[in-house]
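Accompanying notes for the structure given below.
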Amino acid sequence: MGNYNFQQIEKKWQKYWKGNRSFVAEKKSDLPKYYVLDMFPYPSGAGLHVGHPLGYIATDIIARYKRQKGFNVLHPMGYDAFGLPAEQYALKTGIHPAETTQKNTVRYQEQMEMLGFYHDPDTAFRTSDPDYYKWTQWVFMKMFNHWYDKKIEKARLITELEAHFEAEGSKGIVAATAYSGSFTAEEWKGYSPKEKGDILMAYRIAYTDQITVNWCPGLGTVLADAEVKDGRSERGNFPVERKLMKQWMLRITAYSDRLLADLEKLEWSDAVKSMQKNWIGRSEGASIVYDVDGVDDQLEVFTTRPDTIYGNTFMVVAPEHPIIEKICTVEQKEEVDKYIDWAVNRSERDRIADTKKTGVWTGGYAIHPLNGTKLPIWISDYVVITYGTGAIMAVPAHDQRDFEFAHKFDIRIIEVISGGDLSKEAYISKDGIMVNSDFVNGMTAREAIPLVVKKFEEIGRGTGRVTYKQRDVVWSRQRYWGEPTPIYYKDEVAYSIDESELPLVLPDVESYKPSETGEPPLSRAGDWVNYPGGGTRDLNTMPGWAGSSWYFFRYPDPFNEQELVDPSIEKYWLPVDLYVGGTEHAVLHLMYARFWTKFMYDIGVVSVEEPFTKLVNQGKIQGVSKLAFRDNESGEFVSADLISEEEKDKYTEIHVNISLVQDHSLDTEGYMKWTRQEGLVFKTNAEGEFKTISRAEKMSKSLYNTVAPDVICEQYGADTLRMFEMFLGPIEMEKPWSTESINGVFTFLKKIHNLYFDQEGNSLVTEGEPTVEELKFLHQTIKKTEEGIDRLAFNVCIPAFMVFEKELKRLKCRKRAILEPFAVIMSPFAPHMCEELWESMGHKESILEATFPTWEAELIKEQQIEYPVQINGKVRFKLSVDADMSKELVEEKALADPNAQKWLEGKSPRKIIVVPGRIVNIVL
RNA sequence: GCGGAUGUGGUGAAAUUGGUAGACACGCUAGAUUUAGGAUCUAGUGCCGCGAGGCGUGGGGGUUCGAGUCCCUUCAUCCGCACCA
């Protein structure tokens, strides 16, 4: 057998689809729309490996299926093209990142085409195209020109704020801002342009601020908190230091509440939702203001447990807290300075690794707001300046950290909630009963919380408050390969450029390095840095997140020069119905995309508040690495089967290229050639083989375990690869790549080919009327396929096809009425082959135009049902009855059955359960 | 520590609302066939047992006529966050 010439077939249909622009969506249509989206890739130089297409195959299947179901389908694929690798390559080689990006994009496109994907070719833009980033800059400018009004929970024009200041001063404004001053209209009018500019800046949604940032000297740029892992950069693994710098920020915190609340509306996994919730980190509590003994300043703390106020025996402030210098006594000064110096210079990494409590007393006291006792104020780095107010009321009896601290420094512990064992640990439950607590004694802690807050509000000592872990996001990078910031400065005041000047095109520079003075690469852009008409340009570029924060709005209308997106088109297409991508973007990208969407909604550019209705995180396909053992002392390589478990630590594991390994045996000659090393010693086993071990881990070039889809396509074809990847298991799950079982799918496709064609390639399809049995099997298969696709369980569709193929073979059925719909339902999975089958059956149109058949419930209904009959929970025999027989009749028939009589032996059963269509259970 | 997920044969995995656990595929075993190749076809394959039969969805307990599925508890693995007040 085997004239399944997949190479020829696949080439033919890929050319056909391309030539006919088969996958271009109608911009607007009376048809219902379906918008399915992949997280667009960064086009890296390495090209795709077999792990990448997993999600793309899934979305491709959905896209083709939905089209056959009568939807107008948009399945776009563009490129997230700004980013570090191209720039670092440019630093090394001098090749312009645009050139590298262009080359890599073409390679990606070829590979995707090879896999037969349904991607709208009009959407293949790059975020680095000026026509695209024009709108990235445009949104940024809008953020610069808006502030967030907390009263109506909406972004508003900054000019409206100015007008308000002009008329009434700062009174009556409730905004998301760090500005805490107040002024009258008269005062405002008297301010200099710089003073006004500074105040307005503190309100803008895109604003600059002098902040402590994660400065990464190795990369020459600042990084977002999330881009830093254990004190090192996530990319490149360079050390990161804390440094005070002026940076662009986006006021995402203004949206924290909405970002949190709207999670409820989304069909996202609990895992991602909880990661987002965690990141926003909302907590409800109270802020309480303490007087400080002998000083005018007050100390404000945030707590989630105001109920424990009477257990408060000391205060702790972060080492950076400004109050320290005011309250620190002369006697304590030296010790305090020493501690602060140590704590501040301690690396993030050490601080996390070491959870032992450290600290020092300032010498000062705070006054308990309810009972007036003096509470010593301590400094410790277990309190961080960036959360809450950077100061806490310590309640050692009911907070584990305070408990440890109090024990170490021998501070008083007062129990105020009974029920715990304070000799061992703090008692943190809210269900205990309050004691030693004046007016809340006797109630539970949970009940006490609102009463204590109320009390503080009455005496003007505090208020109920909500805090968030989330902080504003740093939105500037001192890099070249990104969107230039559309801002210029004149007399130290920032202005946005005019909309007509967009796009602000990234200028060429002769070197991509930062300048000698540490300024960004754009400082080398010659005259570009001067804004025409006076002033100088901002030299920062935006982070990689910028382009990906809104790209899904551009796909429906990618060539629009007048608007970011035509509102009527946007209304038709958005939101995205299904978004598929990896978990690595669970927090940052998805958070920023949601934030930008909400902002754009506020200013009326888009009609949706949430961009992605349903999100699916595809599990990555892991690589299977091959490792050889090398003796640490002798440097000899030793076959893995010669090494016992205990000896393993005497050897180093070396990743070897998986193509050099067959059946765990390493081609040692090949290895030496590959590593360009000669005379290596390999200790082989008794059979003369050198064994390696396998390990599933991330598929990565550096671990030499990548498998290119090109190789698989050449050997088995794209249809086999697609089906195989879907067959491996549920798309959400992580699984190691194994080529071993691919043959099963390949054989199946060959069988399908043989079902439709003879050896010479002539069609075997016959014209007879299908039998009821044949139709029944067909419709069962359609049903399974439809249900499988609807819940993205592609791994159950393919077995259904396999079973059906066997069934057809058994029935010797090659009837058109059966084989035609069969080709249609399989076509999303193996599109090339099914097109070929479709054509061979005399169709002129592409199989894409064929309607996905609907299963007919009547047809698959059984005439006779075979009930398993249980006696006391065990199946004892089978009972065949008419499908429409009533429960009572089934019961009667079951009891009358000789098999049942055998078990009953004349006794009458206690109970009989008949579940229609399922089972009969007789209980004795 | 907190949060989220996952535990089913030798392997990847199936199993609508609780209703014959292990579909389908890989692998393995036996056989057939061939121009012998890692091709193709047929049969078998959860475990124990010669057998009837018994036991089986990480462990323990519960609800139910009936539990992979629901509840409680415990263990293991993976992921995320982490002195968050």
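Convention: sequence-line order gives letters A, B, ...; per-chain numbering from 1. Nothing here was measured: the structure is a model prediction, and the numbers come from that model.
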Assess A:K273 against A:W268: is NZ or CZ under 6.0 Å from the centre of the six-membered ring, and within 45 degrees of the ring's axis? no
Side chain of A:R918, heavy atoms from C-beta onward: which of B:rG19, B:rG4, B:rA85 has the nearest atom to it? B:rG19
When you check the glycosidic angle of B:rG9, does it come out syn, meaning within 90° of 0, or anti? syn
Taking the same atom, C1', in B:rA82 and in B:rU73, what whole-Å distance lies between them? 27 Å
Choosing from B:rC83, B:rA85, B:rU20, which nucleotide comes nearest the side chain of A:I919? B:rU20
Distance test, side-chain N/O of A:T747 to OP1/OP2 of B:rU40, below 4.0 Å: yes
Whole-Å distance between B:rA5 P and A:N617 CG? 13 Å
Proximity to the side chain of A:K735 - top-ranked nucleotide from B:rA13, B:rG4, B:rU20: B:rA13
For the P atoms, the ones on B:rC71 and on B:rG27, what distance do you get once it is rounded to whole angstrom? 39 Å
Considering Watson-Crick and G-U wobble pairs with both distances under 3.5 Å, what does B:rC26 pair with? B:rG10
Quickly work out the A:D399 CG to B:rA82 P distance and round it to whole Å. 19 Å
Looking at A:W279, is A:R471 sitting on its ring face, NZ or CZ under 6.0 Å from the six-membered ring centre and within 45 degrees of the normal? no
Test side-chain contact (heavy atoms from CB on, under 4.5 Å) on A:L266 and A:K614 and set out the steps. CA-CA 6 Å; A:L266 304 173; A:K614 186 177 164 84; over 6 Å; no
Could you tell me if the ring centre of A:F829 sits under 6.0 Å from that of A:F801? yes
Taking the ring centre of each residue, are A:Y4 and A:F757 less than 6.0 Å apart? no
Between A:R791 and A:E404, which is nearer to the 5' end of RNA chain B once each is assigned its nearest nucleotide? A:R791
Spacing of the C1' atoms in B:rA13 and B:rU8 (rounded, Å): 9 Å
Base partner of B:rG46, which must satisfy Watson-Crick or wobble distances under 3.5 Å: B:rC55
Between A:R305 and A:S429, which heavy-atom pair has the shortest distance, and what is it? NH2-O, 3.5 Å
Over how many whole Å does the gap from A:F801 atom CZ to B:rC24 atom P extend? 16 Å
Which pair of non-hydrogen atoms, one from A:Y387 and one from A:S283, has the smallest distance, and what is that distance? OH-OG, 2.8 Å
From the options B:rU20, B:rC24, B:rA85, select the nucleotide whose nearest atom is closest to the side chain of A:P868. B:rU20
Distance check, C1' atoms only: B:rG59 and B:rU77, in whole angstrom units. 15 Å
Under 4.0 angstrom, heavy atoms only, what part of the nucleic acid is A:K878 near: base, sugar-phosphate, or nothing? base
In whole angstrom, give the distance that lies between atom NZ of A:K783 and atom P of B:rA15. 13 Å
Between P on B:rC26 and CE on A:M723, what's the gap in Å once rounded to a whole number? 14 Å
Think A:N795 has a side-chain N or O under 4.0 angstrom from the OP1 or OP2 of B:rA14? yes
Taking the C1' atom of each, how far is B:rG7 from B:rU57, in whole Å? 9 Å
Parallel, tilted or perpendicular: which fits the ring planes of A:F405 and A:F409, with parallel below 30° and perpendicular above 60°? tilted
Which base, if any, makes a Watson-Crick or G-U wobble pair with B:rC41, both distances under 3.5 Å? B:rG31
Would you mind classifying the nucleic acid contact of A:P736 as base, sugar-phosphate or nothing, using non-hydrogen atoms under 4.0 angstrom? nothing
Among B:rC26, B:rG19, B:rG3, which is the nearest nucleotide to the side chain of A:S741? B:rC26
To the nearest angstrom, how far is A:M733 atom CE from B:rA13 atom P? 7 Å
C1' atoms of B:rC55 and B:rA5, separation to the nearest Å: 30 Å
Determine which nucleotide pairs with B:rU16, using a 3.5 Å limit on both distances of a Watson-Crick or G-U wobble pair. none
Under 3.5 Å, is there an N or O donor on one side and an acceptor on the other linking the side chain of A:K469 and the base of B:rC81? no
Applying side-chain hydrogen bond (donor to acceptor under 3.5 Å, both in side chains), run through A:Y427 and A:D399 and close with a yes or a no. CA-CA 7 Å; A:Y427 181 62; A:D399 180 288; over 6 Å; no
Can you find a side chain N or O atom of A:S283 that sits less than 4.0 Å from OP1 or OP2 on B:rA85? yes
Can you check the A:L728 CG to B:rA25 P distance for me, whole Å? 15 Å
B:rA14 versus B:rC65 - spacing of their C1' atoms, nearest Å: 27 Å
Listed pairs, N/O of protein and of nucleotides 65-67 of chain B, under 3.5 Å:
residue, atom, partner, partner atom, Å
B:rC65, OP1, A:K911, NZ, 2.9
B:rC65, O2, A:N921, ND2, 2.3

C1' spacing across the pair B:rC41 / B:rG9, given as an integer number of angstrom: 26 Å
On RNA chain B, nearest-nucleotide positions of A:D270 versus A:M802: which is more 5'? A:D270
Now, which nucleotide makes the Watson-Crick or G-U wobble pair with B:rG68, with each of the two distances under 3.5 Å? none
B:rC81 pairs with, by Watson-Crick or G-U criteria that keep both distances under 3.5 Å: B:rG1
Test side-chain hydrogen bond (donor to acceptor under 3.5 Å, both in side chains) on A:Y468 and A:D257; report intermediate values, then the result. CA-CA 9 Å; A:Y468 299 89; A:D257 254 334; 2.6 Å; yes
Within the 4.0 Å heavy-atom criterion, would you say A:K806 contacts the bases, only the backbone, or no part of the nucleic acid? sugar-phosphate
Value in whole Å for how far the P atom of B:rC24 lies from CZ of A:F746: 22 Å
Close aromatic pair by centroid cut-off 6.0 Å: A:F777 and A:F804: no
Give A:R876 one of three labels, base, sugar-phosphate or nothing, depending on what nucleic acid heavy atoms sit under 4.0 Å from its own. nothing
